[in-house]
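Residue numbers start from 1 in every chain, and the chains themselves are labelled A, B, ... in the order their sequence lines are given, proteins ahead of strands. Quick note: numbers below take in every heavy atom, side chains included, and nothing from hydrogens, waters or symmetry partners.
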Amino acid sequence: MTAQSDVSPVTTFPDQNGRLMRAALLCGAGLLIAVAAPFALYPVFLMKVLCFALFACAFNLLIGFAGLLSFGHAAFFGSAAYVTAHAVKVWGLAPELGILLGTAVAAAMGLVFGALAIRRQGIYFAMITLALSQMVFFLALQLKFTGGEDGIQGVPRGLLFGAIDLNQPLAMYYTVLAIFVAGFALIWRTVNSPFGQVLKAIRENEPRAVSLGYRTERYKLLAFVLSAGLAGLAGGTKAIVFQLASLTDVTWQMSGEVVLMTLLGGMGTLFGPVVGAAIVVTLESYLASTSLPVPVVIGAIFVVCVLVFRRGIVGELLARLPRR
Amino acid sequence: MPDGAMTKTAMLEVSDLHAFYGESHILHGVSLEVRQGEVVTLLGRNGAGKTTTMRAIMGIVSKRSGSIRFQGKELIGMAQHRIPRLGIGYVPEERGIFSSLNVDENLTLPPVVKEGGMTVEQIYELFPNLKGRGTTQGTRLSGGEQQMLAIARILRTGANLILLDEPTEGLAPVIIEQIGVAVRALKARGFTIVLVEQNFRFASTIADRHYVMEEGHVVDMIPNDQLDRNMDKLHAYLGV
Amino acid sequence: MSTILGIPPQALFGQLLLGLINGSFYALLSLGLAVIFGMLNVVNMAHGALYMVGAFVAWLLLTYLGINYWIALILSPIVVGAIGLVLERTMLRRLYKVDHLYGLLLTFGLALIFEGAFRHFYGVSGQPYPIPEMLRGGQNLGFMFLPNYRGWVVVASLVVCFGTWYAIERTRLGAYLRAATENPTLVQAFGINVPVMVSMTYAFGVALAGFAGVLAAPIYQVSPLMGSNLIIVVFAVVVIGGMGSILGAIVTGLSLGLLEGLTKVFYPEASNIVVFVIMAVVLMIKPAGLFGRER
Amino acid sequence: QVSNNTVKIGVLNDRSGIYADLAGEGSAIAARMAAEEFGNKVAGAPIEIVVADHQNKADIAASKAREWVDAENVDVIADVPNSAAALAVQGITRDKKRIFLMSGPGATALTGAQCSPYGFQWAYDNYAMAAGTGRALMEQGKKSWYFVTADYAFGQSLEEETTKMVKQLGGTVAGSVRHPLGTADFSSFLLQAQASQAQVIGLANAGADATNAVKQAAEFGITQGGQSLAGLLLFITDIHALGLQAAQGLMFTEGFYWDLDDQTREWSKKFEAKAGKKPTMVQAGVYSAVRHYLKAVEAAGGDDPDKVAAKMRELPVQDMFAKNGKVAANGRMFHDMYLVRVKKPNESRGAWDYYEIVKTIPAEQAYLDPAKSGCPLVK
Amino acid sequence: MTDDIILEARGLSKEFKGFVAVKEVDLQVRRGTIHALIGPNGAGKSTVFNLLTKFLTPTSGQILYKGRDITRARPADIARMGLVRSFQISAVFPHLTVLENVRVALQRPLGTSFHFWKSESSLHALHDRAVELIEAVNLTPWSGHLAAELPYGRKRALEIATTLALDPEVMLLDEPLAGMGHEDIERTAQLIKRVAADRTVLMVEHNLSVVAHLSDTITVLRRGEILAEGPYEVVSKNAQVMEAYMGTGHA
Ligand SMILES: Nc1ncnc2c1ncn2[C@@H]1O[C@H](COP(=O)(O)OP(=O)(O)OP(=O)(O)O)[C@@H](O)[C@H]1O
Ligand SMILES: Nc1ncnc2c1ncn2[C@@H]1O[C@H](COP(=O)(O)OP(=O)(O)OP(=O)(O)O)[C@@H](O)[C@H]1O
Ligand SMILES: [Mg+2]
Ligand SMILES: [Mg+2]
């Protein structure tokens, strides 16, 4: 057998095109639904879903594509919420600038945490991120600007780009949708980029990647920073939507919740975290008005997921679907 | 007990053994017998089912049918951890040295199941490479040293039937020679040994009889003294 | 009177002693975690919850059956161990073949269930548990008043900690355990009943948490939330000591207790963070932890 | 003119977390008891009560409140312990013009800088608990203080308010130690407090922190040593949880006690029959607030929020919880508070017999002058 | 003469908790040759490899590559300088396809590996080269398969292709033929011979006939020390080597 000069990538990946088509269709359909949704569903609820979906996607970038389980992602989410809330409320920054600032701070924290944590893998990594995020929690409790137990309240939504009044529910909703789509697109691009390839290789076999000349810590660090920054983007946006930032966002329970969303939806799938976030948020708001104890139900879902559907909902669907 | 000579009674009797990994049917009615004090080899190409036969005897492959009798006792249906306690020692293909244990701990790990096992001194005599490495982490030994350790630790337990899976794989010729010496020494002490080998040159220096396996069946049995006569046949079986 | 950094030396000594007492709780809990992690490779997020269950069982025994502290000290770890046995047999066991992270996630879910359920039935304010008659009162040590009960806590936990360490690092049983973590099939092929051993290990690890819970009951409120905050600190202790290192868990637990005690004197606001700061520093210098093996 | 022809009351509180005991389902029961007094009908419209668990998360509280108001026509939101959640709900009810009856939260900002024309703070506030206790103990001649303070905004403000009061009345503060939130072991801090030899050790913390501190103070023999222990924010559920053995001698301020008079005893008995325990001041406050709201609806002849709010300010509060209570311009309901001392085990005559009332603190002394509250509604 | 030496170790030692695995090894690899490292198990061959590529840090000694001291360099940097290794236990990226495995190696010189905003299709330019390399190791029918699905011997072949993709000046191969079937051994040996034409190879191998056939120089290690060095004919007649390694059966 000789190498044919016309061997094209298409023949090497017979299902690549089909997959792309399907993904594009799915995205289009999803977007249509998202645009129409606020006319059928309660917009604040939808915005919450979107914020958490972005948060979960950011988290999934690490666990699903770099194989690193962070158990302290609330630190980035919550810190960004505080920074955005403070910047908008106290310094009077425009909402878009506030969110950007929150994102930047989260990314910077990601750099510091990442530098410490990526020296270990697996369970160690999880424990270290958990402990570091706990430090952030105590700081948030103590720093003056976070308002302790009260949090930062009454954050004005303000005017987007000085023109669009975010107090209009639909304006706010479409802004959040735009932010989510941008974040999601960035994650998609990252996963399917030269960088994403190296990340995958590192996840698969790190010593081999090193022997090929990759300074693997830098790649993992970049992934960590990206993930932290995107989590921050979600946190900052949430602060504007709910007009508040509170301690809840930096607790380790919040870190656990984002793990649950991702696990439930499907780790390492692009859409899994979105589905997971939607389910968890819906469930939380539904359970709020029943007499079922919320933590027990959440815990039970965790257990069931881990025991019987480790691939998550989307992962399970993908596995059932024919490969072509 | 170690009478060295062949006795007529079979120590291990495998008949019509079928074994499965999940859905795949690997052994299709393997039958063989091993008499007290014998060294018997299983020869065969990669994937013929040699390792699987051993794992089925030990109960590691639990999905199996047919009959495996050791000193008259049926092993199929017996709890897995009770099989070795009857006096069967297993040295796995991948050696299975524990990295969280040091060499000493590795050596003394398998529980003594019968009287008459070798003492640690006797073992060091047999494998001088291991001497003085007691506190080294098990897996920090080189491949050959690990193989020696894997054999050595079974000798302590008093097991009188030893299943040795490819003890020479990946070893330097000189080490292979050493292992050969060791196996012969064991034989002289009255141990019964079943040996899986691809290297029949090595096998021929120590074995009494050879079973040849192909695709989950035993296709032939060649006593060692008839090996020369059957060389062509054997070459065909093994594809050398 | 001379002082050390503005603190009279006796007072400092008293604070160190208190630190040691806290340290013995850390040691006991991180020991259990280390045993479970070392043998099963499971980060037992339910450890704090089972510590709480241990305290609650003691309280339930006292309240409903009138069973006293000393009996509870034995009975409650047994009950918690039995719960652990069931959890291991029915759930954890299925996860040994997949990524260890799933063990962490499962036990995290279990922790939520335990805490949530106890909250649901017993509220959150907690329940009172009296100090046993025999250990009421205290000793005036000159520099401080040491409640007898605290003295007992130190002694009891040190004995249990070092007993456990000895059993695992110095006995044959310990060697079986370590070997079985690595290659259970082979250890089984040596004639050891591994599944039973693994179950017992988990049961023992959580029984240690239950024991700590009973020790804690007379000091702290017996409340569904008593474990959830403590456990994060204990995790940090385990990371500092080196995960899976038995001795590391004990020594680090005790020393961090002391260190925290000192912080409470000189800079009390930081006393909850100090452990995490130490952890960050240790990780920078020695990523595997103080007693951990580099992989 | 009742909107949607129902008066819908939403009881929003913590039903599974740290405030579940002092508010939780008990608050819902209390609200229902108030509605039943009106025969579940007011101004010709049926009363409906819905409940939700905010899980102590401000964002869940906020989104639930929004949803109730936007999509489910809830007219009034009640309880909401946890200041962060309450502040978030206050913002929403202010924007959307809905009545907000706060029994659960203690933050003074709710009737201060963050006050709302529709927001009413009912049972207690942090100022009353802290300053009230400070003043009462000073009047008992306990003039030197030491604080064990939870190191975050809430604890610091409790300490600050009490210190102000103590200094104002000529007392001294020997010092304070700041402990992190969620500390389990207080022995170090208590030892430092003991060494200060102050007459009163003020616990500027709450919940598990406070109960652990009290319990360990007993272990270290603090009160036997002659020092008094004062809680700056404790509820009867905390005492119940601690048991008298550990809590005896502790002093603090309460807004309500079931065993005050015949009226309270009778109501509490009915409550206990449904809830299985005696009411806290928060739960009793929910009852009182809802009852007062319904009175105002009746008086206004409809549920228009502006009219009802005006009526609520106008009418005196007169029930088993508040005798001669009145609502100030900033939304603060003024009623008498009580300085209590926890009984010794042998003084208690049975379950829930915990307090000895040391002193009734008149409303004007207990609460901050509305003019000084910083609320823009007070002219 | 020294500029002919591409890789050199001087007085290289490695101690593990008191056990000296490599003792004062001086090794010189000449440019353009195939240099084999043999010795009994546990002689320290893999350890020398790990030291040379900095996967282990030497206890003492110096490593020079093209005259530069690389004793302190990090493993990834060494690979970037053109000194690339394979592993004794097969090292592939199991859930990447064969093509992707090779491409990951080809991708680094593009300098876009941190570009998370670029499309993966920017890597398609590398496919021609990747396909060539895959063909060279006879894996063309497998190129769309996940590496995990390959039989062991094929994985080794893939590993060689991946290593070649970096176009290294020096290749260090740790037992490249272990686990291969007879035909594969032949073919891979040919491949090594071929690719060594314009580069330097240092390899560890137990298969003596291959070693004899391929290598220009052989260094025999025993217990961490160099026992003999020279071409096969010389080394194989060395009595000590026969005793320590080849055994009497192999003469
Ligand atoms: N865990 C397993 N699951 C499924 N199939 C297996 C498993 N282990 C081995 N097999 C298959 O069983 C067959 C026999 O394997 P076995 O390991 O017994 O061969 P062998 O004769 O020992 O070969 P070798 O010389 O390579 O060791 C092979 O086809 C192999 O692919
Ligand atoms: N990390 C380590 N800690 C302690 N000893 C080690 C370590 N790595 C290797 N050794 C020891 O160093 C010696 C050399 O090992 P090495 O792996 O280099 O041997 P090798 O020559 O490659 O053998 P093989 O042909 O079996 O692969 C062995 O005795 C081994 O036990
Ligand atoms: Mg085999
Ligand atoms: Mg090697």
Side-chain angles (χ1 to χ4, degrees), chain A residues 41-49 51-52 78 81 85 134 137-157 167 169 235 238-239 241-249 251 253-254 257 281 284-298, chain D residues 10-17 20 24-25 28 50-72 82-92 94-95 105-107 109-110 113-114 126 150-157 178 180-182 206-207:
Chain A
L41 286 165
Y42 182 55
V44 178
F45 168 77
L46 290 174
M47 289 190 269
K48 187 171 179 184
V49 169
C51 289
F52 277 103
Q134 206 56 10
F137 173 77
F138 285 120
L139 282 178
L141 202 54
Q142 245 142 28
L143 291 177
K144 274 274 166 306
F145 90 97
T146 59
E149 188 191 45
D150 294 346
I152 305 179
Q153 299 275 353
V155 180
R157 282 183 178 173
N167 286 309
K238 189 188 156 223
V241 171
F242 286 99
Q243 305 182 270
L244 64 89
S246 73
L247 275 179
T248 320
D249 299 341
T251 53
Q253 285 87 350
M254 176 63 81
E257 207 157 285
V281 172
E284 246 174 21
S285 101
Y286 167 74
L287 287 175
S289 18
T290 68
S291 60
L292 286 170
V294 181
V296 176
V297 177
I298 298 276
Chain D
V11 179
L12 180 60
N13 63 19
D14 174 15
R15 300 169 67 82
S16 53
E25 174 61 15
V50 290
V51 297
D53 184 359
H54 67 38
Q55 297 157 43
N56 281 320
K57 295 179 185 168
D59 58 336
I60 294 194
S63 51
K64 202 72 212 176
R66 265 183 212 275
E67 199 181 321
W68 270 355
V69 173
D70 287 347
E72 295 178 27
N82 182 322
S83 302
L87 286 163
V89 174
Q90 174 96 319
I92 292 161
R94 190 195 296 117
D95 285 355
L110 290 164
Q114 303 283 328
N126 296 344
D151 190 31
Y152 66 114
F154 159 76
Q156 288 158 13
S157 84
R178 301 268 167 96
L181 177 72

Measure A:E284 against the heavy atoms of chain D and call it side chain, backbone, both or neither at under 4.5 Å.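 For A:E284, the contact with chain D is made by backbone and side chain together.
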For D:K64, is it the side chain, the backbone, both, or neither that has a heavy atom closer than 4.5 Å to a heavy atom of chain A?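 For D:K64, the contact with chain A is made by the side chain alone.
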Given the options D:Q156, D:Q55, D:R15, which has more heavy-atom pairs under 4.5 Å with chain A than any of the others?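 The answer is D:Q55.
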Top residue by heavy-atom pair count (under 4.5 Å) with chain A, among D:D59, D:I60, D:N56?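 Looking at each option in turn, the highest pair count goes to D:D59.
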Contacts of type side-chain contact (heavy atoms from CB on, under 4.5 Å), residue D:D70, not counting sequence neighbours: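 Scan of D:D70 (side-chain contact (heavy atoms from CB on, under 4.5 Å), adjacent residues dropped) gives A:Y42, D:R66, D:K96.
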Under the side-chain contact (heavy atoms from CB on, under 4.5 Å) test, residues paired with D:A62 that sit two or more places apart: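 Here the qualifying residues are A:F242, A:L244, D:A88, D:I92.
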Exercise: identify the closest heavy-atom pair between A:S246 and D:A58: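 So the minimum-distance heavy-atom pair works out to OG-CB, 3.9 Å.
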Side-chain donor or acceptor of D:Q90 paired with backbone N/O of D:Q114 under 3.5 Å: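 Pair found, side chain donor or acceptor close to backbone of D:Q114.
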